[in-house]
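Contents: one structure, followed by commentary.
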2 protein chains.
Amino acid sequence: MANLSDEIEKYLNELINEYQGKIKIKRNKLADEFDCAPSQINYVLNTRFTSEKGYIVESRRGGSGFIRIIKISIESTDDLLRKLLVRVDQPLSKREAEGIIDRLYDNKIINDREKKLMETVFHKKSLNVDRTLRDYLRGNLMKSMLEVILKSELD
Amino acid sequence: MANLSDEIEKYLNELINEYQGKIKIKRNKLADEFDCAPSQINYVLNTRFTSEKGYIVESRRGGSGFIRIIKISIESTDDLLRKLLVRVDQPLSKREAEGIIDRLYDNKIINDREKKLMETVFHKKSLNVDRTLRDYLRGNLMKSMLEVILKSELD
DNA sequence: ATAATTAAAGGTCAATAATAGTCAAACCTG
DNA sequence: CAGGTTTGACTATTATTGACCTTTAATTAT
């Protein structure tokens with residue numbers, strides 16, 4: 001039972017695949033197509049097309065305005081993992097952690113089962129402590145797990 | 001003379017049987033059907049659909065929220081996994097966690113990479129908090145991860 | 001030609017809606 | 001009375017929207 005946000009995400013991802021990873025859209029036009037408020041588009045972009053997941057979103061206001069979505073292709077698994085390792089050396093929100101896992105999965109660095117194992121580690125249910133500590137632990141855990149994956153890639 | 005909780009339990013079990021061990025429900029909708037408070041559903045889930053009794057309960061809050069109940073049928077699961085799941089609902093030391101992981105690996109339930117991913121999660125370096133909290137978190141994390149593995153075995 | 005106004009575009013943010021979870025108090029039963 | 005059951009008040013989370021803001025381009029007025 002997909003909701004509106006999921007449908008818009010799906011549509012945009014299909015577009016991105018069709019156009020080799022880079023698209024340009026009009027916010028109001030897309031909102032018309034899905035019969036929703038224009039700010040719904042912003043919501044989808046801000047929650048589904050994040051840098052953690054490997055996207056760049058550019059935009060321009062005013063006449064001739066547009067929104068461009070670029071899916072970042074990676075040079076190598078090794079390269080991505082090293083970049084992520086630099087990035088996660090700090091507290092992580094659940095959303096950020098999940099975005100990183102999505103990216104790993106999308107690039108076939110981890111498989112389905114590994115994805116699920118990782119996701120569960122970052123869930124609030126597993127880390128049932130206060131918010132600040134949880135985010136801090138997420139940073140630690142992600143770093144540790146990325147190191148394991150990097151090492152296994154080197155083997 | 002069955003009480004409300006028993007009736008809800010019965011209803012859910014019939015649903016579970018009808019749908020081959022896995023259902024997705026809406027808390028508020030179910031509460032409406034039984035004319036009870038929504039938190040009554042939580043009570044039933046927390047007392048009748050526990051891991052000890054062979055269930056996994058997942059949920060998501062917010063728009064599009066849901067509750068999913070998965071029954072671990074006896075025939076389709078590994079006995080070791082089930083036993084472990086019941087046992088880990090408590091604080092775990094590093095040694096205990098590692099022992100569990102070793103058993104999973106020795107029984108070929110997890111592979112080398114999964115083993116290493118799991119091990120790193122329970123390492124002191126990842127869970128850099130005081131001892132009591134660490135052991136508590138290890139219990140949570142192990143339970144969560146075992147559930148993932150169990151679910152993947154069911155698929 | 002320049003300035004002002006209007007149109008066309010995307011962005012922000014709080015309010016609202018829709019969902020599930022927690023917890024203590026009240027109630028019920030044996 | 002103890003333990004189990006039910007509930008209501010409140011918290012937490014995710015999704016959607018409308019009012020308003022900001023920016024750029026086009027059009028109109030001077």
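Small disclaimer: the values here were computed from a predicted structure and weren't measured. Order of the sequence lines sets the chain letters (A, B, ...), proteins ahead of strands, with each chain counted from 1.
- Contacts of A:Gly65 with the nucleic acid, taken as non-hydrogen atoms under 4.0 Å apart, involve only primed sugar atoms and P, OP1 or OP2.
- Put simply, A:Arg48 has a side-chain N or O that comes within less than 4.0 Å of OP1 or OP2 on D:dA15.
- Between the C1' atom of C:dG30 and the CG atom of B:Asn3 lies a distance of 13 Å, rounded to the nearest Å.
- Whole-Å rounding puts the A:Ile25 CD1 to C:dG11 P distance at 9 Å.
- As judged by a 4.0 angstrom heavy-atom cut-off over every strand, A:Gly62 is placed among the base-contacting residues.
- Among the heavy atoms of the strands, none lies under 4.0 Å from A:Ile41.
- Remark: B:Asp102 engages B:Lys115 in a salt bridge, criterion side-chain N to carboxylate O under 4.0 Å.
- Distances shorter than 4.0 Å separate none of the side-chain N or O atoms of B:Lys29 from OP1 or OP2 on C:dA18.
- With rounding to whole Å, A:Asp6 atom CG is found 13 Å from D:dT16 atom C1'.
- For the residue pair A:Tyr136 and B:Asn128, a side-chain donor N or O sits within less than 3.5 Å of a side-chain acceptor on the partner.
- Taking atom CZ of B:Arg68 as the reference point, atom C1' of C:dG21 lies 18 Å away to the nearest angstrom.
- Note on A:Asp106 versus A:Lys53: no salt bridge recorded, every NZ/NE/NH1/NH2 to OD/OE distance being 4.0 Å or above.
- Straight-line distance from the CD atom of A:Glu98 to the P atom of D:dT13: 13 Å, rounded to whole Å.
- Both A:Glu58 and A:Gly63 lie near DNA chain C, and the one whose nearest nucleotide falls closer to the 5' end is A:Gly63.
- Judged by distance alone with a 3.5 Å cut-off, a donor-acceptor contact links the side chain of A:Ser39 to the base of D:dG18.
- The pair A:Arg48-A:Asp6 meets the salt-bridge criterion, with a side-chain N (NZ, NE, NH1 or NH2) lying under 4.0 Å from an Asp/Glu carboxylate O.
- Side-chain atoms of A:Gln40 and A:Ser5 form a donor-acceptor pair, as typed in the model, at a separation below 3.5 Å.
- Which of D:dT13, D:dT7, D:dT16 sits closest to the side chain of B:Gln40 comes down to D:dT7.
- In this structure, B:Tyr43 does not reach the D:dT6 phosphate: none of its side-chain N or O atoms is under 4.0 Å from OP1 or OP2.
- We find that CG of B:Asp32 is positioned 11 Å from P of C:dT19, with the value rounded to whole Å.
- Nearest to the side chain of A:Arg61, among C:dA9, C:dA20, D:dT5, sits C:dA9.
- For the OP1/OP2 pair of C:dG11 and a distance below 4.0 Å, the side-chain nitrogens and oxygens of A:Ser59 include at least one atom meeting the criterion.
- OP1 and OP2 of C:dA8 both lie 4.0 Å or more from every side-chain N or O belonging to A:Asn28.
- Figure legend: B:Lys24 and B:Phe66 shown as a cation-pi pair, the cationic atom lying under 6.0 angstrom from the six-membered ring centre and within 45 degrees of its axis.
- Between the base of C:dT19 and the side chain of B:Arg27 there is no donor-acceptor pair shorter than 3.5 Å.
- Residue B:Arg60 places none of its side-chain N or O atoms closer than 4.0 Å to OP1 or OP2 of C:dA18.
- Regarding A:Asn46, its CG atom lies at a distance of 11 Å from the P atom of C:dC13, rounded to whole Å.
- In this structure, of D:dG8, C:dG21, D:dT14, it is D:dG8 that holds the atom nearest to the side chain of B:Ala37.
- B:Leu30 places its CG atom 14 Å from the C1' atom of C:dT19, with the value rounded to the nearest Å.
- For the OP1/OP2 pair of C:dG10 and a distance below 4.0 Å, the side-chain nitrogens and oxygens of A:Lys24 include no atom meeting the criterion.
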